[in-house]
Structures are given as structure tokens and as C-alpha cells.
Amino acid sequence: MKTALITGITGQDGSYLAELLLEQGYKVYGLKRRTATPNLENIKSLINEIDFISGDLRDITSLTEAVQLAKPDEIYNLAAQSFVGDSWRQPIYTGEVTGLGVTNMLEAIRQAKPDARFYQASSSEMFGKVLETPQKETTPFYPRSPYGVAKVYGHWITVNYRESYDMYACSGILFNHESPRRGIDFVTRKVTDAVAKIKLGIQDKLHLGNIDSKRDWGFAGDYVKAMWLMLQQDEPDDYVIATGETHTVKEFVEIAFEHVGLNWQEHVVQDPQFMRPAEVDILLGDPSKAKQKLKWEPQINFEQLVKMMVDQDLENYH
Ligand code: NDP
Ligand code: GDR
């Protein structure tokens, strides 16, 4: 039986990855920070199957102890301050967790279990003000937020530890991926939650920022499969994971409202408080390398994703 340690176990991706690994017979440890109130909603059905270890990416002692305790074959570093919008409000904290936290994790592995395979959750936000379209593994980075800058650091320190210490370390450059378990701050879930509430008469208006930006949106359940595949290869490497399609926020909004028979223009209000100091206008990934080497293919398309999220949010309020 293989053993995995997942950081960010309570988040969207942590929950899907834990499900996938448990299905495959892994023993799963989840690094979880202490919270005053429970935040296990995403993994409520798995609580008895996961072994939780208390820890924080900023505290290397807790990470080293976690690796010593779990003795994992595979470590998936999904923990981060992951909300781009907040990274301007908390730039130093974001750097500490999303950037330096990766080095803390790599050092803990180097000290406690250097043969463990390591996955780093890198991001299409590293491409930011894109230097070519579509973006692939060789596209230069130009991050546009403190979050993006921190992820570039996390990416390169992962590559550096692979090259310096011969560690099996991979960086997955994942484009936006969503699901009914997406945090409520992110635009997709904010929209689908609002659509459900508007349909049920609980809410009337939806305040949004820039609806012209374009993203390459996929389904989180498909993307965690790619993470796992990366750690099953003979050699460690970095991969872009994306659908190869891009859509505006406005298109997402249109489909979500139409799905419940509403006209979005009667409800959406443009609100400057949700505009960002610097925007990433377009992201479009080229997943050819992952398709060829990992034999990875996304299963859920854009329209199916939007409808899945709206349907689940409607059910949540019934
Ligand atoms: P979430 O925001 O849903 O989850 C983040 C997780 O990190 C939570 O479990 C959170 O715990 C944990 N965490 C935050 N800070 C710390 C810390 N200091 N120490 C330990 N744990 C911490 O993110 P996603 O699941 O969507 O994303 C997973 C990873 O992939 C992140 O690194 C994200 O930046 C990256 N990524 C995501 C993409 C996406 O589209 N979803 C695309 C590309 C990259 P808590 O519940 O306590 O807050
Ligand atoms: P993103 O996701 O920044 O791409 O990062 P988010 O859903 O926050 O924004 C996507 C686009 O929508 C625009 N937008 C709004 N965004 C939010 N959150 N709220 C709004 O009201 C709103 N109105 C318009 C944004 O300006 C942006 O253009 C996500 C995160 O999961 C990162 O952790 C991950 O690395 C990247 O995806 C890939």
C-alpha cells in the first residue's frame, strides 16, 4: 500500500485528490492547520479515512514532524494562500505561505524522507501578462499579482531542488479548475451561488468586477488525476494542465443564469471594489505535453462544469 501526504487537504483540490488516492488504496495523511471552528465541509465524507496531522506551511518544525510521522511515498503540496484578490491586501503573508512555504516543505522532505516524490501546485497565474498564446511549459513567466510572484518562486525552488538534490519533484502548472467545492470568493462559485439564491428569491443583485477577462476553466476532479499521473512517471518533470479552451467571465455568467431561466443583465452589477490593481486578461493553456506523456484528457467541458455547479448550489439551498 502506498502512502501519501497532502497539504491543503481541506481545500477544493485536497478533497478531490484524497478521494482519488483512497479509491486507489493509498493510506492518506492530511496536513491541516488548527482552526477555532470546523472547516471540514469538503472532506466530511472522508474524515474517518484520512489521518490528520496538525501543521502550517510557515512552521518547518510541524512539516518535518509530519513527514517523519507519515513516511509518505508521495507528497502533494496543495496548501497556499490561493486567492489572487487577497494577495494585494496580504502580500507578505502570501509570500510567506505560497512562496517560502514551498521551501519549508522541500527542506522538511530533504531532512526526513528525501526519496519521497513531490508535487508542487504551480499556477497559470505565473504567465500573467502573457508573453505568448497559448501558454505552454516553455512560455516565460510574467506574474501580475503578489500571488503570481509567490507561485513563480515556488515553481523555481521546486525545479532547483530537483536539480540540486536529485529529488523527484514535479511542478504542475494548472490552469483554473472549478467544482461545486470551489471556495465562495472565486468568481465561478460566487456566480453559481448567487444564481441559486436569485432563483430562489434569497438575493437579487450580483456584484462583480471585470467580466471581460478570459480563463481556461476545467473541472477539479479531472485535474487532480493529472497531479497523480505526474508522480507515476519514470522521471520527474513539469506539465501544463488545461483544457485548451478559453471563455470570458461574461460567458460563464450567461450560461449560469440561462440554465435557470434568468436574464443575467437584470441582476449583475459592475462594482469597482472587485476590480484588481493589475489584471490577467487572458489565459489559454496548451496541454499537449500532458496529453502525450501522461495520457491525460479532461472529461468535463465548460458548459457541463457551469451547469454542474449551478445545480449543486440550487440543491444546497433546498
Ligand atoms: P483552496 O484555497 O481551496 O485550498 C487551499 C488549502 O491550503 C486549504 O486547505 C487551506 O487550509 C490550506 N492552507 C492555507 N494556508 C495554509 C498554511 N499556512 N498552512 C497549511 N495549510 C494552509 O485551493 P485549491 O484547492 O483551489 O488549490 C490548491 C492549490 O493549487 C493551491 O496551492 C492553489 O494556489 C493552486 N492552484 C489552484 C488552481 C485552481 O484553479 N483551483 C489553479 C492553479 C493552482 P484552510 O482550510 O485552513 O484555509
Ligand atoms: P483567478 O480566479 O484570479 O483566475 O485565480 P478568480 O475566480 O478569483 O478570478 C477569475 C477572473 O474573474 C474576475 N472577476 C472576479 N473574480 C472574483 N474573485 N470575484 C469577482 O467578483 C470577480 N469579478 C470578476 C477576476 O478579475 C479574474 O479575472 C484562480 C485561483 O484558484 C488561483 O489560486 C489559481 O492559481 C488560478 O485560478 C489559476
Between [X] and [Y], does at least one N-O distance fall below 4.0 Å, as a salt bridge requires?
X	Y	answer
K289	D238	no
E297	K291	yes
D222	K225	no
K199	E315	no

**OP:** List the steps, then state whether side chain to side chain donor-acceptor pair (under 3.5 Å) holds for T133 with Q135.
**Re:** CA-CA 5 Å; T133 296; Q135 297 85 48; 3.3 Å; yes

Hey, does the side chain of [X] reach the backbone of [Y] with a donor-acceptor pair shorter than 3.5 angstrom?
X	Y	result
K27	L22	no
E137	V240	yes
K151	A121	yes
Q304	N301	yes
S213	D281	no
D216	T246	no

Subject >> Passing candidate, side-chain contact (heavy atoms from CB on, under 4.5 Å) with S124, options T139, N176, L284 >> reply: N176

Original post:
With Y165, which of M167, E163, R162 fulfils side-chain contact (heavy atoms from CB on, under 4.5 Å)?
Top reply: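 Among M167, E163, R162, the one that satisfies the side-chain contact (heavy atoms from CB on, under 4.5 Å) with Y165 is M167.
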
**OP:** Apply the test side chain to side chain donor-acceptor pair (under 3.5 Å) to residues T158 and Q120: give CA-CA distance (whole Å), side-chain angles for both, the deciding distance (0.1 Å), then the verdict.
**Re:** CA-CA 7 Å; T158 301; Q120 167 57 16; 4.7 Å; no

Original post:
So, do W264 and F252 have ring centers that fall under 6.0 Å from each other?
Top reply: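 Centroid separation for W264 and F252: 6.0 Å or greater.
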
Original post:
What residues form a side chain to side chain contact (heavy atoms under 4.5 Å, CB included) with D185, not counting sequence neighbours?
Top reply: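 Partners of D185 by the side chain to side chain contact (heavy atoms under 4.5 Å, CB included) criterion, ordered by chain and then number, come out as F83.
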
Nearest 0.5 Å please: distance from the [atom1] atom of [X] over to the [atom2] atom of [Y].
X	Y	atom1	atom2	answer
N77	S171	CG	OG	10.5 Å
K32	I43	NZ	CD1	7.5 Å
S179	N42	OG	CG	7.0 Å

Subject >> Shortest non-hydrogen separation from I282 to V130 and the atoms involved >> reply: O-CG1, 3.4 Å

Original post:
Does the pair Y16 and W228 meet the rule for a ring pair (Phe, Tyr, Trp, His ring centres under 6.0 Å), with working shown?
Top reply: CA-CA 11 Å; Y16 283 103; W228 175 76; over 10 Å; no

Original post:
Between S62 and D56, is a side chain to side chain donor-acceptor pair (under 3.5 Å) present by the stated rule, with each step listed?
Top reply: CA-CA 7 Å; S62 68; D56 190 298; over 6 Å; no

**OP:** Using a cut-off of 6.0 Å, state whether more than 12 heavy atoms not belonging to Q232 lie near its atom CD.
**Re:** yes

Subject >> Residue I92 excluded, over 12 heavy atoms near CD1 under 6.0 Å >> reply: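 Counting other residues, nucleotides and ligands, CD1 of I92 stays at 12 neighbours or fewer.
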
Original post:
Does the pair F127 and Y142 meet the rule for a ring pair (Phe, Tyr, Trp, His ring centres under 6.0 Å), with working shown?
Top reply: CA-CA 5 Å; F127 297 123; Y142 190 151; over 10 Å; no

